[in-house]
Amino acid sequence: MAKLTLNRVTPNEQTPPSSTTGENLLAQLNDVQREAASVIQGPLLILAGAGSGKTRVLTFRIAYMIEQGIAPWNILALTFTNKAAGEMKERIAHLVGEDKAQRIWAGTFHSLFARVLRREAEVLGYTSSFSIYDGDDSLSLLRATMNTLGISQQNFSPQAVRGAVSGAKNKFIGWQEYANTAGNVFEKQVGLIYKDYEKRLRLNNAMDFDDLLLNMIRLLQSSPQMLEKYQQQFRYILIDEYQDTNKAQYLAVSLLAQKERNICVVGDDAQSIYRWRGADIRNILDFERDYHDTKVVRLEQNYRSTKTILEAANNVINNNQNQLKKALWTDNADGETIQLLRCRDDREEAEQIVRNIQTDRRTSARDLQDFAVLYRTNAQSQAIEDALRRENIPYLIVGGVSFYKRKEVKDTLAYLRVVMNPNDGESLLRIINEPSRGLGKTSLDHLIHFAESQSAPLFQAFAQAEGVIGLQRRAVTSALDFVALITRFREQKDVLRPDELAKSLVDASGLLRAYEEDGTDESLDRWNNIQRVLSHLAEYCERNPEALLEQYLQEISLLSDVDEVKAGGKHVTLMTLHSAKGLEYPVVFIAGLERGLFPFAKAEQMQEEMEEERRLFYVGITRARQKLYLSHAEKRYRFGELTYPMPSPFLQEIKPELMNNPSNTTQNRLGSAGSLTMSSKSTPSTTGINVIRSMDDLKSRGFQPPAAKKTPERSQTRTPFDDAPRDESFSQVPSKSASELPRLRVGMRVKHEMFGVGQIVGTSGTGTSAQVEVSFPQVGKKKLMLKFANLMVMD
DNA sequence: TTTCTCCACTTTTTT
DNA sequence: AGTGGAGAAA
């Protein structure tokens with residue numbers, strides 16, 4: 001490992017070493033930035049508003065540290081995406097040279113911890129070739145677990161289980177503790193699943209994303225020597241986007257930093273948008289308490305956006321109660337007014353966006369790469385893609401169905417994983433019938449059962465297929481053939497180059513041939529995609545001649561959506577608001593500003609979630625440098641059904657004079673129709689969400705409940721309010737269409753107007769004819785038609 | 001045992 | 001609307 005030769009800078013040092021480069025570096029920053037970059041000893045909290053030059057400060061800070069004699073390999077720089085880390089390294093390379101920059105430990109929590117864990121895997125009972133499971137992998141493992149435990153996936157959605165398990169893990173709650181504190185039926189079941197899931201991960205020699213954090217903590221706690229070792233290694237710690245770290249990340253970093261205490265965190269509470277995935281905003285709010293001698297620096301000058309855009313952003317975020325007070329300002333010009341696009345439907349929205357891009361391209365010096373279209377959900381990209389394609393405009397979608405999530409690509413990688421880590425039962429099951437090996441469900445069940453009875457990995461059951469009772473002769477042969485295939489490649493894994501190995505593996509396994517023989521267009525596509533993986537791997541091997549296959553596989557599984565974006569391409573960029581974090585574009589479109597979509601429907605019930613949605617909007621607005629477009633549609637297909645959403649309440653939070661043509665757009669419409677739910681005059685509300693208390697309340701304000709059946713013709717005359725607005729106390733209005741009905745599952749607690757609170761004991765039917773059976777303490781069991789029952793979910 | 005067909009769920013956001 | 005899984009038929 002790296003040796004520790006460096007001139008340490010002591011905290012009390014009065015005169016900085018006369019490094020002219022160091023001075024030059026700092027001269028390029030403003031006063032506050034300079035302070036943030038030059039205080040390198042002790043705890044430092046940088047509160048960096050959007051566009052305040054945060055990345056610049058971080059790069060200069062690290063470069064300065066290196067100039068001061070700190071060894072690059074003693075610096076741990078944790079960023080939110082690998083792309084951000086890569087860019088940072090690149091910029092540092094310009095300042096201090098390529099070789100030094102490359103030796104900094106810069107990357108995401110997940111990828112850097114994975115690197116450490118590979119090295120120390122044995123300490124925790126893994127082998128160094130452990131597999132890393134992504135969300136899909138853990139979902140199928142959870143499904144398998146639920147099947148063996150006999151827990152119905154009908155009643156408990158595997159997604160919800162995954163959410164609960166992951167949530168617990170992010171809070172560093174183990175299955176024992178979880179099971180002990182489980183309250184309702186759902187949590188009790190999750191407790192059981194959680195335990196078994198962990199056992200299986202171990203058996204598979206695999207870690208899920210959360211494990212990468214948890215196991216890092218466990219590693220540091222495993223012995224004082226181990227802790228000491230990494231405290232020595234990572235003496236200077238920097239964390240970007242600190243507002244979006246979770247408890248596990250917090251704990252890991254606390255352990256690392258507690259000795260040297262050289263920890264610098266950068267964040268902005270107004271941009272915290274990952275609460276739903278366990279991010280704990282208290283990490284940033286409590287930093288000063290955790291490190292009592294913290295120095296706090298505030299970067300409040302925005303260099304990115306026009307006054308107009310920044311003011312709109314401030315307008316919006318000021319509606320949040322829960323925030324640190326900040327005064328973000330800019331010296332930039334006023335800039336253009338914000339353009340509000342009001343559209344008939346999602347198709348027209350897309351067309352208007354494209355038309356504006358075209359016009360803007362003609363009338364300004366901007367080109368395609370200057371435009372970004374942001375939306376709340378990935379599904380919204382479809383319409384915009386179509387419109388761009390019609391106009392032959394190149395575009396790039398960040399995220400969505402990523403290349404690496406495609407079936408054939410995952411299969412190819414699964415083959416490689418099994419060779420590296422035969423205990424990886426998930427990957428094994430994935431490929432066992434790809435192509436078909438005549439091992440059907442029955443045979444597999446026998447093998448799985450055998451493995452489970454021996455508490456052995458599935459691969460061992462395959463190897464001992466002859467001893468598995470009930471297994472047919474043919475199945476035994478297939479199983480042994482498969483074992484032979486994998487074993488053959490395992491023997492070659494240290495001889496062949498990874499790309500050569502992969503190439504001959506997809507060949508020998510018959511994976512490629514199956515697609516070739518099928519010959520359909522789709523199969524051809526898949527065949528091509530496998531070739532793409534192979535050439536990608538070959539390129540990788542060329543770039544890193546020493547690289548191991550494990551490294552490649554790890555890099556792929558920890559790749560984030562944003563990481564794939566290449567800079568400099570001539571194309572419009574499309575992505576979710578979440579993916580846009582940390583990026584900036586001269587012109588930004590935010591599409592789908594409608595109630596129920598943005599803010600997302602579920603959020604309106606809870607102030608905390610509403611505030612998170614608002615922060616997301618804030619993030620979106622502040623991505624724009626010169627020009628901002630906001631759009632909403634009056635009709636939108638959601639979930640296969642036509643909906644008539646109202647404009648987002650967020651639009652009203654921006655001062656009218658900042659937007660174009662306020663007289664005939666939202667202001668006007670919201671002013672008349674909107675008094676019902678949106679005007680803050682009629683129902684003052686601190687959150688900007690107004691509250692409707694009952695159906696009577698609605699009617700007294702001119703609301704007509706929609707008829708049971710919608711006819712398309714009615715769309716001519718209907719107002720946005722024909723579509724039932726949400727009631728605070730009852731999440732639905734009588735007789736709703738399928739997509740508006742709440743999703744209910746056994747075990748949930750619901751409230752009925754007459755019967756009170758009860759627990760769901762059964763469900764039947766789907767869509768508008770769905771029924772639930774609810775057990776009420778007073779009145780007993782009742783079967784209710786969901787669309788009339790007016791149930792409110794209590795959890 | 002495989003394959004086809006139908007049904008259910010998905011869609012919030014992601015390392 | 002599309003996909004993936006479960007169940008039934010060949």
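For clarity, every value in this text was computed on a predicted model and none was experimentally measured. What's counted below: heavy atoms across the whole structure, side chains too, no hydrogens, waters or symmetry copies. Chain A is the first sequence line, chain B the second, and so forth, proteins listed ahead of strands; every chain is numbered from 1.
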Between B/dT10 atom P and A/F600 atom CZ, what is the distance in whole Å? 11 Å
How close or far is atom P of B/dT15 from atom NE2 of A/H110, stated in whole angstroms? 9 Å
side-chain N/O A/N378 vs B/dT11 OP1/OP2, d < 4.0 Å: no
Could you tell me how far apart A/N147 (CG) and C/dG5 (P) are, to the nearest whole angstrom? 11 Å
Going by side chain to side chain contact (heavy atoms under 4.5 Å, CB included), A/I273 matches just one of A/R614, A/H578, A/E613. Which one? A/H578
Between C/dA1 (P) and A/L642 (CG): distance, integer Å: 11 Å
Between CG of A/D210 and C1' of B/dT15 the distance, given in whole Å, is 9 Å
Take the protein atom CD of A/E408 and the nucleotide atom P of C/dG4, then report the distance between them rounded to whole Å. 11 Å
Please work out if A/Y274 contacts a base, only the sugar-phosphate, or nothing of the nucleic acid, heavy-atom cut-off 4.0 Å. sugar-phosphate
Rounded to the nearest Å, what distance is computed from the CG atom of residue A/D137 to the P atom of nucleotide B/dT15? 15 Å
Nearest-nucleotide 5' precedence on DNA chain B, A/Q159 against A/T377: A/Q159
Nearest-nucleotide 5' precedence on DNA chain B, A/F80 against A/E609: A/E609
Should A/S579 be listed as having a side-chain N or O under 4.0 Å from OP1 or OP2 of B/dT14? yes
Where does the angle between the aromatic ring planes of A/W276 and A/Y274 fall among parallel (under 30°), tilted (30 to 60°) and perpendicular (over 60°)? tilted
Atom-pair distance (CG on A/L139; P on C/dT3), nearest Å: 18 Å
Short side-chain to backbone donor-acceptor contact, A/N319 and A/V316, under 3.5 Å: yes
What heavy-atom pair brings A/A633 and A/D346 nearest, and what distance separates the two atoms? CB-N, 3.8 Å
For A/R430, is there an ion pair with A/E434 - N to carboxylate O distance below 4.0 angstrom? no
Donor-acceptor contact present, side-chain A/T643 to main-chain A/R636, <3.5 Å: yes
Can you name the residues that form a side-chain contact (heavy atoms from CB on, under 4.5 Å) with A/T108, not counting sequence neighbours? A/N82, A/H110, A/S111
Contact list (N/O, under 3.5 angstrom) for nucleotides 1-5 of chain B vs protein:
unit_1, atom_1, unit_2, atom_2, d
B/dT1, OP1, A/S443, OG, 2.4
B/dT1, OP2, A/T442, OG1, 2.6
B/dT2, OP1, A/G438, N, 3.1
B/dT2, OP1, A/L439, N, 3.3
B/dT2, OP2, A/G440, N, 3.3

pi-stack flag for A/F109 and B/dT15, centroid dist under 5.5 Å, interplanar under 30°: no
